[in-house]
There are 2 protein chains.
Amino acid sequence: MPASLRTAVAYRRPRTLGRHIGGSRKRFDRRLGEILDHATAVFCDKGYEAASMRDLSRATGMSLAGLYYYFESKEKLLYLIQKHAFETILAGLRRRLEGLRDPEQRVRVLIQNHLEYFLANQRAMKVLSHEDEVLKNSYGAEVRAIKREYYRICLGLVEDLMRARGVEFSDRIAVLSLFGMMNWIYTWHNPRVDADAGVLARQMADIFLTGLLGAGKRKRSSRPTQ
Amino acid sequence: MPASLRTAVAYRRPRTLGRHIGGSRKRFDRRLGEILDHATAVFCDKGYEAASMRDLSRATGMSLAGLYYYFESKEKLLYLIQKHAFETILAGLRRRLEGLRDPEQRVRVLIQNHLEYFLANQRAMKVLSHEDEVLKNSYGAEVRAIKREYYRICLGLVEDLMRARGVEFSDRIAVLSLFGMMNWIYTWHNPRVDADAGVLARQMADIFLTGLLGAGKRKRSSRPTQ
DNA sequence: TAATCGTCCGAACGAACGTTCGGTAAAGGA
DNA sequence: TCCTTTACCGAACGTTCGTTCGGACGATTA
């Protein structure tokens, strides 16, 4: 969990902030992290709207009122879950792209990273995908900003690949189709039946890349029609 | 709307059923159909759990209590919407497959039918996709049965194509990837920006078919490894 | 004309919701 | 030792929820 989770709570905080809070900051963050994990499971199982704070109270073993010591609202809880998941997957992608130059390998790394994180944090990713439109205020705006940034990067990776191979295809349709293939996983993946992230990533990458590069092929060294 | 919607309501009905109900059956079904249309829009916009019967009352212009003359519960409303959408898309697919023999054309028709219906009934299909796990009782079991049947057919179409072309690939991953590409549309399609169903279907079919047939290719007339 | 039926409504029901209030008890610094 | 801060809780707040009750009123039937 990020270091600044402390800012999650905004009321009933000591007025003399910043003096000797440092001592128990770690405990606070760890405890909030545990609550977020339980909240992820509860939101995943019942859906955000159908899940109640009393469900979370039961799951954590903490009293209903006690929960509010760690965050200010149910919305903030969802915000923290979504933001953390998105930032982690984005950071992972950036790290793995460093020093990789081959356009096809870069797209393969995108798929690998996405599916690996998706399956390793299936519940959080379901909450991220499924409760996508729930947050309406500035929380929602912030999560949507990270999402746009992630989309922008992926679009760039696919564009680079198409340009390098002289392929013509709608980049928007291509990327959103790829996202569809990958994100839909949360509706069907069963760890006891289906392959692991590595195999799945290879198979989906094979379908997508062979498909895109094959379907969008045009005569060598010709120019676009306009 | 199907002819037997009347069975939607189960209480406060005349005990002497089946005698002279026939006279106003049409009006009842038409009115319920209008309510279902509004309910689809409300569930689509706010999500099933967040949508309230008072929202629906406002949308239809009918009183809260008056709504319950046409159905017995909010759950039944969702059930009727999901069942109707699924049955229609399934019937459309069956009709368009009749007399079509070429395996590739049959898969293309599946994609064409799916996307055409998806975009022509975007709101109903979002409710179908997004509120997939909401129904828990026998309503849910019934909708899930239709879904399994649809999945079974699609799996068969893809299997047939792979066999005809001597292609080896996990049929499950292939079909679920295809569903992902297609169903994810409800999260991004914008009629003012994106192409229509026909173009989209061709592009997705090109990516998927070129990808599957290319990536899964094996040496001609060789036998599977076991 | 009297009785019945189809259609719809105002008002209310109890339950569940997210959140807050006033407090307690242990820990820790002065 | 006293006093602040941290961590938490029982009980309740006001609101909204899905659903139902009893009845109204026009149309149809006997």
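The model shown is predicted, which means the values in this text are computed figures rather than measured ones.
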Asks: Mind checking salt bridge (charged side-chain N to carboxylate O under 4.0 Å, His left out) for A/R94 and listing every partner two or more places apart, or none if nothing turns up?
Replies: A/E149
Asks: Taking ring-ring contact (aromatic ring centres under 6.0 Å, His included) as the test, write out the residues that go with A/Y117, two or more places apart.
Replies: none
Asks: Considering only residues two or more places apart or on different chains, which pairs with a residue in residues 42-53 of chain B satisfy salt bridge (Lys or Arg N to Asp or Glu O under 4.0 Å)?
Replies: B/K46-B/D55
Asks: Quick one: which protein N/O atoms are closer than 3.5 Å to N/O atoms of nucleotides 14-18 of chain C? Pair and distance per line, please.
Replies:
residue: C/dG18; atom: OP1; partner: A/A51; partner atom: O; Å: 3.3
residue: C/dG18; atom: OP1; partner: A/K74; partner atom: NZ; Å: 2.9
residue: C/dG18; atom: OP2; partner: A/M53; partner atom: N; Å: 2.8
residue: C/dG18; atom: N7; partner: A/R54; partner atom: NH1; Å: 3.0
residue: C/dG18; atom: O6; partner: A/R54; partner atom: NH2; Å: 3.0

Asks: Given atom CZ of A/R25 and atom C1' of C/dG28, what is their separation to the nearest angstrom?
Replies: 19 Å
Asks: Rounded to whole angstroms, how far apart are CG on B/L67 and C1' on C/dC8?
Replies: 10 Å
Asks: How many whole angstroms separate atom CD of B/E34 from atom C1' of C/dT7?
Replies: 14 Å
Asks: Without decimals, in angstroms, what is the distance between B/L56 CG and D/dC17 C1'?
Replies: 14 Å
Asks: Would you say C/dC5 has OP1 or OP2 under 4.0 Å from some side-chain N or O of B/R27?
Replies: no
Asks: Rounded to whole Å, please give me the gap between NZ in A/K26 and C1' in D/dA7.
Replies: 18 Å
Asks: Could you tell me whether the phosphate oxygens of C/dC8, OP1 or OP2, come under 4.0 Å of any side-chain nitrogen or oxygen in B/Y69?
Replies: no
Asks: To the nearest Å, give me how far apart CZ (B/F28) and C1' (C/dT7) are.
Replies: 10 Å
Asks: Suppose we screen for ring-ring contact (aromatic ring centres under 6.0 Å, His included). Which residues come up paired with B/F169, at least two apart in sequence or across chains?
Replies: none
Asks: How close or far is atom P of C/dG6 from atom CG of B/L32, stated in whole angstroms?
Replies: 16 Å
Asks: Give a yes/no answer on whether the side chain of A/R31 brings an N or O atom under 4.0 Å of OP1 or OP2 in D/dC8.
Replies: yes
Asks: Suppose the criterion is salt bridge (Lys or Arg N to Asp or Glu O under 4.0 Å): which pairs have a residue in residues 185-197 of chain A, not counting sequence neighbours?
Replies: A/D194-B/R172
Asks: Is a donor on one side and an acceptor on the other found under 3.5 Å between the side chain of A/R144 and the backbone of A/L135?
Replies: yes
